[in-house]
Structures are given as structure tokens and as C-alpha cells.
Amino acid sequence: MEASTAPWTRCLLDENTFNENFMNQINPRKTYLCYKVEILDGDTRVLLDEKKGFVQNKGANEPGKPRHAESYFLDRIRSWNLDRGLHYRLTCFISWTPCHSCAQELATFLGENSHLSLHIFASRIYSLPGYEAGLRKLQAAGAQIAIMTSKEFEHCWENFVDHQDRPFQPWDGLEVVSQHLCNSLQTILQMQEN
DNA sequence: ATTTTCAAT
């Protein structure tokens, strides 16, 4: 069997897809979401390697109803029926922060699933109306939300990209843009609702 | 200080 058709490659992005969607200084019109799942046991974290993967949104130009990437992600989590007697950490690396609607859905989901924790690292901030309140609501529901830095981009490259043993190559401006977005996100998350 | 973005002018 060729490497490209081996079962594990189904959960890997090709290099171009990763770069086109996660480069933080451009604004692609689609969203990718990479996820991993760990069991938390005291100070120990056990990665469930078979539950790592990625989803992408379905655009308005495709047949059927458009769906954001987070919706597909929630479908997958629900399909696993994770043991309520254990505690899990879900980590997402997503190319845009959740819109207000998805943030609300995720917040509700976390409220109904106290055995799950959610960490979100986003490449850039999706800033259509209502996004700030949505992100604050998601944070209030217990999610940790952060901007991807070179550390997270490299982690994604190593774990979610079919990189053919090539090392991660940071792009020009990665750090500057990331730092700016970190500052913006902090301001958003610290603001009070009114 | 940085934007128009989970497509369709």
C-alpha cells in the first residue's frame, strides 16, 4: 500500500493545505480545524492517537447546507461517546476563531459535558458581528482560547501535516502577526459585557 | 496600528 493511501494519512493535511489555511497574514475563505484528544489523570495526559484528525467547513458553493468546521468537530466528539467517568482534554488548532454562533454552540456543549475540557488555538481572529461576545461566552464556559504562536504552528506541522520529514518553515511575519493577534484577543477576552 | 473573514463581484 502506498504511503498516501495508508489509513493514518487520512488525518494528515498536505503541506499546501496547511500553509494556505494557517498562514496567519492571509485571510482564506474556508476553515480547517485540527484536533487531538487526551485523557487527563492527575498530572498525567494520555494522547488518544487514533482520535486525532481534522475537519473543514462546507462552503456555500457546495451542495447542501453550509456548515462551519466546528459543527463537524462536535459531530465527531459526540460520535465517540467518551466515558463520562473519565476526564478528557480536547485541543483544537483552527484557522479562524469560532463565529458567535459556533462559540455559543461550543459553550452549550461544554456546559452539558463536564467531563470534557476544551483548548482552542486559532491562527487568526474571525471578526464578523458578535464575535467578541461569542468568544467571551466560550471562555466563560471554561474553554481556553489562545492565538497560535510559532510553537503551535510547529506542533501542528509535526502532528497534522504530511510533511515528508521536512522541518516546519516559519513564514515571514509569523511572529509579528501572532503577537498582534494575541494582544487583540486578550483585549477582547478581558472586556466586560454591557 | 494592522480586518472584511467558515466565498462568490
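Here is how names work: the chains are called A, B, and so on, in the same order as the sequence lines, proteins then strands, and each is numbered from 1. All figures in this text were calculated on a predicted structure; none of them were measured in a lab.
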query: Between A/E105 (CD) and B/dC6 (P), how many Å, whole number?
result: 17 Å
- request: Establish whether the base of B/dT5 is bridged to the side chain of A/S127 by a donor-acceptor pair shorter than 3.5 Å.
  value: yes
message: At 4.0 Å (heavy atoms only), tell me whether A/A60 reaches a base, stays on the sugar-phosphate, or touches nothing.
response: sugar-phosphate
- prompt: Over how many whole Å does the gap from A/Q56 atom CD to B/dA7 atom P extend?
  reply: 11 Å
- prompt: So, A/W171 versus A/N24: side-chain donor-acceptor pair below 3.5 Å or not?
  reply: yes
- line: Correct closest heavy-atom pair for A/Y131 and A/H100 would be N-CB, 4.3 Å
query: Is the distance from OP1 or OP2 of B/dA7 to the nearest side-chain N or O of A/N57 less than 4.0 Å?
result: yes
message: Between B/dT2 and B/dC6, how many Å separate the two C1' atoms, rounded to a whole number?
response: 22 Å
query: If you measure from the P atom in B/dT5 to the same atom in B/dT9, how many Å do you get, rounded?
result: 11 Å
field: Rounded distance (Å) that lies between atom P of B/dC6 and atom CD of A/Q104
entry: 20 Å
- prompt: Could you give the CD-to-P distance, from A/Q179 to B/dA1, as a whole number of Å?
  reply: 12 Å
task: Send over the distance from A/L128 CG to B/dT4 P, rounded to a whole Å.
output: 11 Å
- prompt: Between B/dT5 atom C1' and A/H100 atom NE2, what is the distance in whole Å?
  reply: 14 Å
message: Under a 3.5 Å cutoff, is there a donor and acceptor pairing between the side chains of A/K36 and A/H119?
response: no
query: Any chance CG of A/N61 has more than 12 other-residue heavy atoms, nucleotides or ligands included, within less than 6.0 Å?
result: yes
field: Separation of atom CG in A/N27 from atom P in B/dT3, rounded to whole Å
entry: 9 Å
message: Under 4.0 Å, counting only non-hydrogen atoms across every strand here, what does A/S101 touch: a base, just sugar-phosphate, or nothing?
response: nothing
query: Roughly, in whole Å, what's the span from CD in A/E132 to P in B/dT3?
result: 15 Å
query: Is A/K58 positioned over the aromatic face of A/Y72, cation under 6.0 angstrom from the ring centre and no more than 45 degrees off axis?
result: no
